[in-house]
Amino acid sequence: MPLFAVAADPVTLTGHVEVATGHQPIAGARIEIRETKTVTMTDKSGNYTLPNVAPGVYTVVLTVKGQRPMQRKVIVDANTPAVENFALGVDAKSLDQVNVTASITDDAQARAVQQQAPNMIFVQPAAAIERLPDVNAGEAVRRLPGISLETDTGEGRFVNIRGLDADLNSTTFDGVRLMPSNVSTPTGGGRAVAFDSIPAGLVGSLTVTNTNLPEQDAEALGGTIEITSKQMPKDRDQFLDLQLGTGFENLRDTPVKDYEMTGGFRFGPSANYKPFSFIGTVEYYQDRRGIDDLEESYVDQQGQGIPDKALADLNQRYYNYQRTRHGYGFELDFQPDNNNKWYARYYDAGYTESKNVQKLYLEFAGQPVVNPSNPNGFIDDATYQKASTLEKEMIDSRVAAVGGQNNFESWKTDYHLALSIGSYNKPFDYGSTFQNNTPNPNNPDGSGQAIVAYDNISNPNYPTYSIVQGSNPASPAGYALTDFSNGTEHDHDMEYSAVDNVTIPTSLFTQNDDEYVKFGFSARMRVRNNSQMNYDYNPPAIPLSQVSTGQPITYYDGAYNNGYNINTQSLVNLFNSNPALFPENVASDYLADLQAYGHDSEDIYAGYFEYAFQPIDKLSLLGGTRYEQTDAQYEGLNIITSNGNLVRFSPNIINRNYGNFFPTLQARYEIDPDFLLRAVYSKTIARPGFQQVTPSTQIDDVNDTVTQGNPALKPTYSDNFDLSLEYYLPEGGLAYAGLFDKQLTNYIVQTGNIETLTNPTGALDVFAPGTQVTFSGFENIQSSFARGIQLVYVDRFRWLPGLLSGLGVNTNYTYVDSRILIHPGVYSLLPSTSRDTANLTLTYDYMGLRLDLGAYYESKNLFTVGGPLYTNADGTPSSIYADQWSSGRTSLDFGSSYTINDTMSVYFAVKNLTNTKLRFTETASFDRPIQREFYDQTFTAGIRLHF
């Protein structure tokens with residue numbers, strides 16, 4: 001009962017609930033008069049009405065999901081309507097769970113999700129993604145802390161998280177695990193998702209999860225990236241967003257087309273009851289990127305007296321691509337009331353790419369002498385090759401799901417059935433090789449080869465060469481066709497999944513929605529297949545001059561003459577019309593097909609339990625555990641060759657079954673409502689890569705190698721410790737400092753051992769006694785670690801006067817220290833680990849004008865572990881190793897837009913202002929490049945329409 005009441009007619013209590021900053025109304029807030037247990041909810045305008053309230057003094061309690069309840073003493077007078085308004089300002093912990101029906105900034109909403117989450121996450125909304133010219137999801141997510149990006153063809157492809165390579169992380173799309181669309185992953189694991197197949201325009205938001213909850217898959221050694229599709233606005237019955245863009249890439253002066261459309265609407269039996277909603281997205285992006293590429297390899301026989309850095313070959317590569325990226329999908333929802341919802345969704349993303357590569361090889365004899373006129377140069381015999389590739393590939397990621405959410409009186413559940421497919425298809429890959437047979441009779445060694453002087457020491461990035469004797473390698477004269485080939489490939493990775501989660505609110509410690517028990521079950525059933533068909537032909541000796549086209553190409557900043565392009569299509573036409581002229585090397589093709597075979601299945605069944613509660617004021621805890629049972633079957637082939645010919649092969653199938661618990665405890669303490677301390681322990685797993693655990697063996701007596709997988713590999717486990725201080729600033733600002741330590745068990749490394757076979761037996765009997773054979777495989781090492789620090793600062797300087805109030809900054813830095821034994825006595829960072837990664841974006845947002853200048857940096861990282869660089873004169877291996885390193889790089893991008901009115905805005909952007917190079921070196925030494933390519937800038941502009 002109220003504190004006092006009089007005999008009088010009841011009155012009506014009304015009010016309004018809003019966010020204090022911006023005055024956005026809050027829908028769905030619960031209003032209760034504690035003494036009478038009368039309850040109502042706010043409408044979409046944030047208003048509420050409680051009729052028939054007797055005069056008196058009452059306690060009115062406001063509860064917003066995810067917030068601490070607020071209560072007020074309200075006096076209701078006789079015959080006078082009562083009004084009590086609420087404004088959620090500093091009392092509101094988050095806007096994540098608040099149903100705000102008027103717009104607030106997407107940055108603020110994203111930051112609120114991060115603030116209120118029980119675990120450690122970072123969120124990037126679509127509005128932030130479009131500010132810079134990030135074409136795919138990988139380029140967008142690199143702006144978040146802890147992310148380093150592997151690039152290819154001038155675009156981001158594989159994403160590493162806090163020093164752990166992409167094969168060790170997981171990616172989900174609307175909660176469904178994405179399958180890899182390309183088996184060629186950084187460490188050969190075949191598990192990493194290629195982010196260049198997902199256009200940025202398809203993304204509603206990106207979330208990087210650094211500390212997994214028990215309800216999430218444990219296969220996330222570094223973390224999990226969630227790609228969330230665009231959602232139907234809660235306050236709109238229909239909407240349509242359009243982007244019409246164009247541009248060009250200035251390396252080849254080729255066009256860019258960029259079109260996006262997202263729209264949705266609600267419908268139902270009446271104007272006031274629309275339980276159905278539909279949202280669809282279509283994205284189309286096409287470019288014709290050019291790449292200027294120079295690649296080198298070294299003789300590396302210093303132990304036999306060959307000078308260091310002597311070239312084995314110099315490879316000039318001139319690329320022309322046409323990539324058409326697509327993304328489309330829809331979601332259909334049925335929500336008859338606030339307690340029930342069902343949905344069906346489908347999304348498809350990928351690209352079709354045509355590639356034309358023109359190559360000029362200088363193959364050196366490997367017996368150089370120092371150039372007497374240039375102490376930094378060498379003179380060596382050389383032969384020439386011209387080659388071309390004409391290829392088409394199609395990469396695709398698809399996700400289909402049906403599911404629902406049901407809120408019952410005392411519990412709720414959510415569930416889905418899903419299908420995820422990643423595929424790679426290559427319908428053709430034509431290659432041609434022309435050998436220059438022009439003799440040089442003046443060569444004193446009688447080889448008839450040309451004599452070439454080169455200098456790759458004075459400027460390793462731009463090695464120079466000149467022809468001392470012999471023909472001009474750029475001239476088509478003297479070249480004849482010596483090899484013609486084709487190839488097809490089909491890789492298909494498919495997974496069915498089923499998930500059911502149950503949440504039961506509890507009240508042992510508190511009376512709000514922050515306390516609950518959650519448990520659930522899931523099943524993921526995966527099948528992957530890899531197949532290739534190789535066709536190598538002995539072609540007629542067609543002169544290069546008959547199939548040359550266009551004008552001679554000078555490329556690489558005008559440094560190199562690549563000669564005339566090869567018209568590969570004319571060779572394809574000749575082959576199709578006269579196949580008898582191209583007899584196939586059937587036996588070698590059959591061998592190559594066998595070597596590419598792969599078939600695996602992997603089923604993972606899981607159950608989990610978690611409990612979230614507040615044992616004391618300001619402290620929130622979430623604890624629980626997950627159990628995953630892995631039932632897998634891996635297939636491979638044992639292949640033995642002699643003199644390059646197939647001797648025999650046999651299938652090999654193994655089964656692996658194991659189960660693991662993954663506990664976690666995540667603590668969140670509010671020093672102040674906007675100042676948080678978090679401490680987390682969690683355990684995660686990375687299963688062995690498919691190419692690592694395969695039971696296949698390939699024995700090659702021509703190259704004296706044995707390459708094999710290791711079916712006995714154990715999964716890699718990580719005990720993760722995280723600590724962070726987070727201070728949340730207005731308008732989505734953040735000051736953040738975090739520490740992490742990952743203690744890794746059974747980390748998988750590549751091995752390379754050289755053994756002298758004294759009495760080869762069994763499958764090794766194809767080798768003669770005394771042969772030095774290189775054995776390549778994989779093994780677990782007992783322990784390693786990755787630890788580091790993350791710093792973030794995001795702020796808008798609204799306190800500055802006038803025009804300066806539009807300034808802002810968004811910066812983050814991650815330092816990673818890791819350690820692994822990669823060679824006897826040689827330790828290194830983990831493969832793909834960049835010690836330093838950083839973003840610095842200067843922003844300006846004032847009166848509809850937005851300007852962003854974004855810089856991204858990552859330091860060098862170990863790309864591939866190699867064997868000894870050379871053999872010493874006494875036959876022992878060198879203590880220097882031919883590891884391959886990806887060089888550090890800094891890139892700079894610019895984005896701008898201007899809002900003309902509520903419907904229209906225009907934008908202009910420049911990608912890669914710094915013409916950042918992709919560079920790989922042999923050893924970590926900067927002066928031993930093996931590949932260096934660049935792309936110049938991409939300029940885009942267009943219009944955005946919002947209806």
Side-chain angles (χ1 to χ4, degrees), residues 27 44 99-106 109-110 124-131 134-137 140 173-176 198-206 227-246 257-286 324-336 341-351 397-403 848 850 897-907 940-947:
K44 67 178 182 179
N99 184 6
V100 180
T101 61
S103 61
I104 64 172
T105 67
D106 292 308
Q109 285 183 314
Q124 180 91 313
I129 293 172
E130 74 176 18
R131 295 182 71 117
D134 296 328
V135 175
N136 64 54
F173 191 100
D174 285 338
V176 177
I198 304 168
L202 195 67
V203 177
S205 65
L206 294 163
I227 304 171
T228 303
S229 61
K230 295 181 177 180
Q231 303 295 302
M232 184 72 190
K234 295 181 178 181
D235 62 333
R236 302 281 296 276
D237 280 346
Q238 64 270 331
F239 81 101
L240 179 65
D241 293 337
L242 295 173
Q243 177 174 299
L244 304 174
T246 186
K257 301 175 182 177
D258 184 10
Y259 311 129
E260 296 178 23
M261 180 175 69
T262 301
F265 57 92
R266 302 183 189 276
F267 60 100
S270 69
N272 296 322
Y273 182 60
K274 299 178 179 180
F276 295 96
S277 65
F278 175 89
I279 183 171
T281 299
V282 178
E283 157 86 2
Y284 177 92
Y285 186 95
Q286 184 184 81
T324 302
R325 183 180 286 102
H326 72 269
Y328 61 87
F330 72 88
E331 179 173 329
L332 176 65
D333 292 351
F334 173 57
Q335 187 170 359
K341 176 183 176 180
W342 292 273
Y343 62 84
R345 59 174 69 112
Y346 175 80
Y347 288 91
D348 187 308
Y351 62 77
S397 295
R398 286 169 283 173
V399 173
V402 294
R850 296 194 320 195
S897 68
Y898 180 70
T899 301
I900 298 172
N901 52 42
D902 290 343
T903 302
M904 181 183 301
S905 63
V906 294
Y907 70 92
T940 54
I943 185 171
R944 295 185 177 115
L945 303 173
H946 308 279
F947 301 101

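Predicted model, so just to flag it, every value in this text is computed and none were measured.
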Could you check whether the rings of Tyr284 and Tyr259 sit parallel, tilted or perpendicular, using 30° and 60° as the cut-offs? parallel
Exam field: side chain Gln231 to backbone Ser229, donor-acceptor pair closer than 3.5 Å: yes
Here the gap from Phe330 atom CZ to Thr281 atom OG1, rounded to the nearest 0.5 Å, amounts to 11.5 Å
More than 12 foreign heavy atoms under 6.0 Å from CG of Asn901: is that the case here? yes
Give me the atom names and distance for the closest heavy-atom approach of Pro336 to Pro275. CA-CB, 3.9 Å
Nearest 0.5 Å, what's the OH-CD distance between Tyr347 and Glu331? 5.5 Å
Heavy-atom side-chain contact between Glu130 and Arg850 under 4.5 Å: yes
Can you name the salt bridge (charged side-chain N to carboxylate O under 4.0 Å, His left out) partners of Arg325, sequence neighbours left out? Glu155
Are Ile129 and Gln124 side-chain neighbours, meaning at least one heavy-atom pair lies under 4.5 Å? yes
State whether the number of non-hydrogen atoms from other residues, nucleotides or ligands found under 6.0 Å of Met232 atom CE is greater than 12. yes
If we ignore hydrogens and angles and just use 3.5 Å, is the side chain of Tyr328 paired with the main-chain N or O of Tyr346 as donor and acceptor? no
Within a strict 4.5 Å, meaning less than it, do heavy atoms of the Ile227 and Leu206 side chains meet? yes
For a 4.5 angstrom cut-off between non-hydrogen side-chain atoms, does Asp174 reach Thr228? yes
Do His326 and Asp348 meet the criterion of a side-chain donor-acceptor pair at a distance under 3.5 Å? yes
My understanding is that only residues two or more places apart in sequence, or in another chain, count here; which of them pass salt bridge (charged side-chain N to carboxylate O under 4.0 Å, His left out) with Asp258? none
To the nearest 0.5 Å, atom CG of Leu332 lies from atom CD1 of Ile279 at 12.0 Å
Can you sort out the partners of Asp333 under salt bridge (charged side-chain N to carboxylate O under 4.0 Å, His left out), two or more places apart, ordered by chain and number? Lys341
Side chains of Leu242 and Phe947 in contact at under 4.5 Å (non-hydrogen atoms): yes
Between Ser905 and Arg944, a side-chain donor and acceptor under 3.5 Å: no
Taking only residues two or more places apart in sequence, or in another chain, which ones meet Phe276 in a side chain to side chain contact (heavy atoms under 4.5 Å, CB included)? Phe267, Phe334
Would you check, one step at a time, whether the test side-chain contact (heavy atoms from CB on, under 4.5 Å) holds for Val402 with Trp342? CA-CA 8 Å; Val402 294; Trp342 292 273; over 6 Å; no
Just how far is it from atom CZ of Phe173 to atom CG of Leu202, taken to the nearest 0.5 Å? 4.5 Å
By salt bridge (charged side-chain N to carboxylate O under 4.0 Å, His left out), Glu283 pairs with (sequence neighbours left out) none
Hey, does the side chain of Lys230 reach the backbone of Gly201 with a donor-acceptor pair shorter than 3.5 angstrom? yes
Those residues at least two apart in sequence (or on a different chain) that pass side chain to side chain contact (heavy atoms under 4.5 Å, CB included) with Ile900 are Tyr898, Met904, Val906
